[in-house]
Amino acid sequence: MAVSDLFHVKVPATSANLGIGFDSMGIAVDKFLEVKAKPSSQWQVSFKSPDLEVLPCNEENLIIKVARQVAKEFGHTLPTLHLEMTSTIPLTHGLGSSASAIVAGVELANHYCQLSLSDFDKVRLASFFEGHPDNVGPCVTGGLFIGYYQPQENSHQEELYYEVLNLEDVTLIVSIPPYEVSTQEARSILPESYHAGEVAMQNAVGSLMLLAALKKEYDKMGQLMMKDLIHEPYRQKLIPEFNEIKECALSLGAYATVISGAGPTMLTLCPKEKASDILESLNQKVPSCQHEQVQIVPAK
């Protein structure tokens, strides 16, 4: 079958870690990167969202680099393309802007090289570029994503296991500070090693959190989400608003407030019927941040 010259893909934002699930859990959020592509005489990227204009507008753009590498791994050459990018995902704020770009690149290669990739293949390839699956996985699957990924030198030989859940009758609020925290900075603040007792406790709490999610016991799920020992205790100091946002949301009935990805965005999980009150209070008490109710993109 002939491949269509025009291609359009819409990739959701993601919030990774969910407190307790460092580098292994993430959730798809209804903010989106949209990419329209068509053949061109030269590599070119046009930005329809002003915030994207800091990104490369040629073949150095991450989407194009990923797409060309995926094509090469399958023995193909990607045609030269003109891309048009639109996004509501803030850059460098812990909502998976780079993850969405990686997945968009995989989708471009899949379309123009007619690779017929499964969702599993897409998650595997995207994890190869990202290094772990918690951000890129939900971009592909939607829903609450739990994944294990073991990289290898060859992207066709990694170990990947994942499962996906739908969370019902809950909604999300994202609190986005006006400053950035780079992933490198957020990683460098973490300790190089952890005590065996901390790792055992983290494993127990994470397992219980997922069982609570399966049983739709969201109060218990939220309490367990906030018991992380691996990254949140260290990254909180990078987000001055952390405690105020968390205390405000929990006092009004939120299930949990955690750091989204590497931050500085914070993610609040709450009952749908309490979201408007929590949002109003956050806007009043912490006006320095942009607070927004978002929905979970359902699993496929």
Side-chain angles (χ1 to χ4, degrees), residues 1-16 26 28-74 76-119 121-123 125-130 135-142 174 176 180 182-183 260-261 265 290 292 294-295 297-298 300:
M1 182 181 355
V3 63
S4 170
D5 284 346
L6 303 179
F7 181 64
H8 178 202
V9 65
K10 189 174 180 180
V11 183
T14 58
S15 179
V29 176
D30 69 343
K31 298 175 81 67
F32 294 93
L33 166 67
E34 292 190 64
V35 179
K36 296 178 180 179
K38 62 183 179 181
S40 175
S41 60
Q42 60 182 359
W43 292 107
Q44 185 179 0
V45 184
S46 299
F47 303 112
K48 299 302 180 182
S49 301
D51 291 348
L52 299 178
E53 292 175 358
V54 298
L55 301 175
C57 61
N58 52 26
E59 62 267 32
E60 292 304 308
N61 188 281
L62 179 59
I63 296 175
I64 294 174
K65 291 171 71 172
V66 169
R68 295 179 76 182
Q69 183 62 34
V70 171
K72 182 179 179 181
E73 289 207 17
F74 285 89
H76 295 268
T77 299
L78 193 73
T80 308
L81 300 170
H82 175 266
L83 306 185
E84 181 181 291
M85 290 177 60
T86 306
S87 182
T88 56
I89 307 172
L91 300 177
T92 325
H93 270 80
L95 282 170
S97 58
S98 61
S100 66
I102 289 170
V103 171
V106 173
E107 294 283 7
L108 278 180
N110 185 51
H111 175 77
Y112 284 104
C113 299
Q114 297 182 278
L115 302 179
S116 299
L117 297 175
S118 65
D119 282 353
D121 291 329
K122 293 173 185 178
V123 174
L125 287 162
S127 298
F128 177 74
F129 290 100
E130 175 77 1
N135 252 321
V136 293
C139 289
V140 176
T141 66
V174 291
I176 307 173
E180 298 178 355
S182 70
T183 301
S260 178
T265 295
Q290 175 188 334
E292 180 182 352
V294 294
Q295 302 301 324
V297 177
K300 295 179 180 179

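- Counting heavy atoms from C-beta outward, Val123 and Thr141 have side chains that approach closer than 4.5 Å.
- Nearest heavy-atom pair, Lys65 versus Glu59, reported as atom, atom and distance to 0.1 Å: CG-O, 3.3 Å.
- Taking CD of Glu107 as the reference point, atom CG of Leu115 lies at 10.5 Å (rounded to 0.5 Å).
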Quick one: side chains of residues 83-93, donor-acceptor pairs under 3.5 Å with protein atoms, not counting sequence neighbours, listed by atom name and distance.
from	atom 1	to	atom 2	distance (Å)
Ser87	OG	Ile89	N	3.0
Thr88	OG1	Phe32	N	2.9
Thr88	OG1	Phe32	O	3.4
His93	ND1	Leu91	O	2.7
His93	NE2	Pro177	O	3.1
His93	NE2	Tyr179	O	2.8

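- Taking the six-membered ring for Trp and thresholds of 30 and 60 degrees, Phe7 and Tyr112 have ring planes more than 60 degrees apart, a perpendicular arrangement.
- Considering NZ of Lys38 and CD of Gln44, their distance stands at 9.0 Å, rounded to 0.5 Å.
- Of the charged side-chain nitrogens involved, none lies within less than 4.0 Å of a carboxylate oxygen, so that Glu34 and Lys48 do not count as a salt-bridged pair.
- How far CG of Leu125 is from CG of Asn110: 9.0 Å, rounded to the nearest 0.5 Å.
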Give the C-alpha distance, both sets of side-chain angles, the deciding distance and a yes or no for side chain to side chain contact (heavy atoms under 4.5 Å, CB included) between Val70 and Phe129.
CA-CA 10 Å; Val70 171; Phe129 290 100; 3.7 Å; yes

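- Using a 4.5 Å heavy-atom cutoff, the side chains of Leu78 and Cys113 are in contact.
- Between atom NZ of residue Lys10 and atom NZ of residue Lys36 there is a gap of 10.5 Å, rounded to the nearest 0.5 Å.
- Under a 3.5 Å cut-off, the side chain of Ser40 and the backbone N or O of Trp43 do not form any donor-acceptor pair.
- Taking each heavy atom of Ala104 and Val35 in turn, the nearest pair found is CB-CG2, 4.1 Å.
- When every heavy atom of Ser260 is checked against every heavy atom of Leu95, the shortest pair comes out as OG-CD2, 3.6 Å.
- With rounding to the nearest 0.5 Å, the separation of SG in Cys57 from CG in Asn61 is 8.5 Å.
- Between the CG atom of Asn135 and the OG atom of Ser127 there is a distance of 10.0 Å, given to the nearest 0.5 Å.
- Pairing each heavy atom of Glu53 with each of Phe47, the nearest pair is CA-CD1, 3.9 Å.
- Ala109 and Ala67 make their closest contact through CB-O, 3.5 Å (heavy atoms, listed as atom of the first residue, atom of the second, distance).
- Two residues are said to be in side-chain contact when any heavy atoms from C-beta on lie closer than 4.5 Å; Val136 and Val106 fail this criterion.
- Pairing each heavy atom of Pro138 with each of Thr14, the nearest pair is CB-CG2, 3.5 Å.
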